Asks: 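Can you keep this structure in mind? I'll have questions shortly.
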Amino acid sequence: MKTLLTYGRLQLRRALRLLPRMLAVTLLLAVLTAMAALLLSGLRDDEDGREPVRIGLAGNLEEADIAEGLELLKSIDSSRFSLSFEPMDEAEAAQALRRGEIAGYAVIPEGFAEALMIGETRPVTYVSASGGADLGAKLTRDLVETVSALVLETENAVYGAQDLTADFVPGRNPYRVGDRLVVQYAVRIIDRSRLFHLEKAEAEQTLSLPAYYLCGVSLAFLMLWSISCAPLFAGRSRELGKLLQASGLRSAGQVLAEYLSYLLLMLCGLLAAAALAGVLLRRFGIAVPELEGSGLRGAASLLLSALPTVLMICALQFFLYELAGGGVGGVLLQFLSAVVQGYLAGCFYPASFFPEGMRRFGELLPAGAGMAQMKGALLGEGAAGPVWLWLAGFLLLSALLRFRRNRS
């Protein structure tokens, strides 16, 4: 026990010598992380923050029926809040598509409206970016398929009704019946707000968007923070571990003493980053509904509630440095772990948008467990069980690696 206390005190002194440099790097990393968070999310959860997807319209737009239809879409159709149809030349539309200003454009052929009236099919050409995988491109592709199906089925219904009237309903004008059916279809399609109701869903149903990104950015910061402590691990001597083993301090005791000193550094960095985060949130007027009215006491309670995740992330980073042996390899391993786990756990992008398999895999990772625990801390729910298991597992693996290295 005396050897453990002595070694722990020496490791603590060694860690404190790195404290000024570590705090400087921590503040810089915190500022960069906060700027990245503001750029990624904007933390705007209102109607004004949403922009419609722009679609270009080229070709023959001068026909009366087409012009009236466009005006009707702009003034009545509820999709105008999600889609914006921009009349332009075909060459101009192609350039706008290459610049990424529109999601795609449609080329309407000559005589399109007249051809519809006589049952002739003149296809509209839709052009989108090759391999476009963003939400706007997917939305417009689905729209094109839906409109194509609607036009085809409307033609079939109208001409079918005309033929049926001409054959079996004498005395009725089949063309007038077809015109009435066209009007009914148009009213149903354009006034689609009567067919459904709009429900606004959060990126995460349990948390507001600012609270979600507060958890995600905080976790990403914790995982990236370990890079600032690389000198603490790069200067370790493997021979010292063997000497301590010979003097009676076993591998588990060595790991415990070094882990606690490293944890102290992390807590100092976390407090500095939390103070800066509070200043930035107040400076930019960003309100977290889950923390409103709690004040300084609520913020302190949140930090204490997130302590299991801090302990687990610290143990994870300690294990990675122990696995890589410090140096450049340890830094690269820390960075890759932070980026991959942060993405899969939903730190940079809400995990609810991922495929189910990827989302479930992310939840099983240490970062996923930490994300769930931090969200539970904001909601006042307990979800720290997996975090404690990961913490114990990383400390055990670190002790086993140290034992193997001391025996070699």
Side-chain angles (χ1 to χ4, degrees), residues 11 14-15 18 21-22 24-26 28-30 32-33 36 216-241 251-252 254-270 273 308-349 351 358 361-371 373-374 386-387 389-408:
Q11 286 294 321
R14 182 167 174 263
L18 292 174
R21 182 193 305 176
M22 183 273 301
V25 177
T26 297
L28 177 61
L29 179 62
L32 294 177
T33 306
V217 171
S218 300
L219 186 60
F221 168 80
L222 286 175
M223 291 190 294
L224 288 171
W225 174 88
S226 60
I227 298 176
S228 64
C229 292
L232 181 66
F233 294 92
R236 291 187 304 182
S237 172
R238 294 188 178 184
E239 299 302 324
L240 178 60
S251 301
Q254 298 175 27
V255 167
L256 180 62
E258 295 175 10
Y259 170 75
L260 291 178
S261 63
Y262 178 54
L263 177 62
L264 177 64
L265 276 182
M266 173 175 273
L267 292 176
C268 293
L270 179 61
T309 296
V310 176
L311 297 176
M312 185 266 292
I313 294 297
C314 186
L316 166 63
Q317 295 166 350
F318 187 91
F319 166 71
L320 293 178
Y321 273 122
E322 189 73 21
L323 182 64
V328 178
V331 173
L332 291 176
L333 193 57
Q334 296 285 344
F335 179 76
L336 290 175
S337 172
V339 171
V340 173
Q341 289 198 69
Y343 179 77
L344 293 176
C347 296
F348 313 120
Y349 194 75
M358 183 183 298
F361 179 70
E363 293 173 353
L364 296 176
L365 294 175
M371 190 72 172
Q373 197 275 325
M374 294 180 70
V387 171
L389 290 176
W390 279 115
L391 170 63
F394 287 132
L395 290 178
L396 178 61
L397 289 174
S398 299
L400 291 175
L401 284 174
R402 181 65 60 86
F403 176 77
R404 181 181 178 185
R405 187 171 292 120
N406 289 339
R407 288 286 302 272
S408 60

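Heavy-atom basis, side chains included; hydrogens, waters and symmetry copies ignored. The chain is numbered in sequence order, starting from 1. Just so we're clear, the structure is a prediction, and the values are computed from it rather than from any experiment.
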Asks: List in chain and number order the residues that pass ring-ring contact (aromatic ring centres under 6.0 Å, His included) with Phe319, two or more places apart in sequence or in another chain; answer none if no residue qualifies.
Replies: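 Listed in chain order: Phe394.
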Asks: Determine yes or no for a side-chain-to-main-chain donor-acceptor pair under 3.5 angstrom, with Ser337 supplying the side chain and Gln334 the backbone.
Replies: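 Checking the backbone N and O of Gln334 against the side chain of Ser337, no donor-acceptor pair under 3.5 Å is found.
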Asks: Rounded to the nearest 0.5 Å, how far apart are OG of Ser218 and CE of Met223?
Replies: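 Here the interatomic distance stands at 11.0 Å.
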Asks: Give me the atom names and distance for the closest heavy-atom approach of Met312 to Pro366.
Replies: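 Taking every non-hydrogen atom into account, CE-O, 3.1 Å.
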Asks: Roughly how far, to the nearest 0.5 Å, is CZ of Arg402 from CZ of Arg407?
Replies: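 Rounded to the nearest 0.5 Å, the CZ-CZ separation comes to 15.5 Å.
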Asks: Give the C-alpha distance, both sets of side-chain angles, the deciding distance and a yes or no for side chain to side chain contact (heavy atoms under 4.5 Å, CB included) between Phe318 and Ser226.
Replies: CA-CA 9 Å; Phe318 187 91; Ser226 60; over 6 Å; no
Asks: Is Phe335 close to Ile227 at the side-chain level, that is, under 4.5 Å between some pair of heavy atoms?
Replies: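 In short, these two side chains touch, coming nearer than 4.5 Å.
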Asks: Closest approach of Cys347 and Gly216, non-hydrogen atoms and distance?
Replies: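 Scanning both residues, the minimum pair turns out to be CB-O, 3.4 Å.
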Asks: Once you round to the nearest 0.5 Å, how far does OG1 of Thr309 lie from CD of Gln373?
Replies: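 Going from the OG1 atom of Thr309 to the CD atom of Gln373 covers 3.5 Å.
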Asks: Would you compute the distance between atom CD1 of Ile313 and atom CG of Leu219 and round it to the nearest 0.5 angstrom?
Replies: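 With rounding to 0.5 Å, CD1 (Ile313) is 5.0 Å from CG (Leu219).
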Asks: If you compare all heavy atoms of Val255 against all heavy atoms of Leu395, which two are closest, and at what distance to 0.1 Å?
Replies: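 Heavy atoms only, the tightest pair is CG1-O, 4.4 Å.
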Asks: Distance from Leu333 atom CG to Gln317 atom CD, nearest 0.5 Å?
Replies: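 Going from the CG atom of Leu333 to the CD atom of Gln317 covers 11.0 Å.
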Asks: Taking only residues two or more places apart in sequence or in another chain, which ones pass side chain to side chain donor-acceptor pair (under 3.5 Å) with Ser398?
Replies: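 Not a single residue meets the side chain to side chain donor-acceptor pair (under 3.5 Å) criterion with Ser398.
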Asks: Determine the minimum heavy-atom distance between Ala367 and Gln341, stating which atoms define it.
Replies: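 The pair with the smallest heavy-atom distance is N-OE1, 3.1 Å.
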Asks: Which atoms form the tightest heavy-atom contact between Leu311 and Tyr259, and what is the distance?
Replies: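 Closest approach of Leu311 to Tyr259, heavy atoms only: O-OH, 2.9 Å.
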Asks: Which heavy-atom pair separates Glu322 from Leu401 by the least distance, and what is that distance?
Replies: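 In terms of heavy atoms, the two residues are closest at CG-CB, 3.9 Å.
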Asks: What's the verdict on ring-ring contact (aromatic ring centres under 6.0 Å, His included) for Trp225 and Tyr262, showing C-alpha distance, side-chain angles and the deciding distance?
Replies: CA-CA 12 Å; Trp225 174 88; Tyr262 178 54; 5.8 Å; yes
Asks: Are any of the side-chain heavy atoms of Met371 and Glu363 separated by less than 4.5 Å?
Replies: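 Answer no - side chains too far apart.
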Asks: Roughly how far, to the nearest 0.5 Å, is the CG atom of Leu270 from the CG atom of Leu263?
Replies: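 Here the interatomic distance stands at 10.0 Å.
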Asks: For the residue pair Phe361 and Leu365, establish whether any side-chain heavy-atom pair is separated by less than 4.5 Å.
Replies: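 SC-SC contact between Phe361 and Leu365 confirmed.
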Asks: Excluding sequence neighbours, so at least two apart, what forms ring-ring contact (aromatic ring centres under 6.0 Å, His included) with Phe403?
Replies: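 Once residues adjacent in sequence are excluded, Phe403 has no partner under the ring-ring contact (aromatic ring centres under 6.0 Å, His included) criterion.
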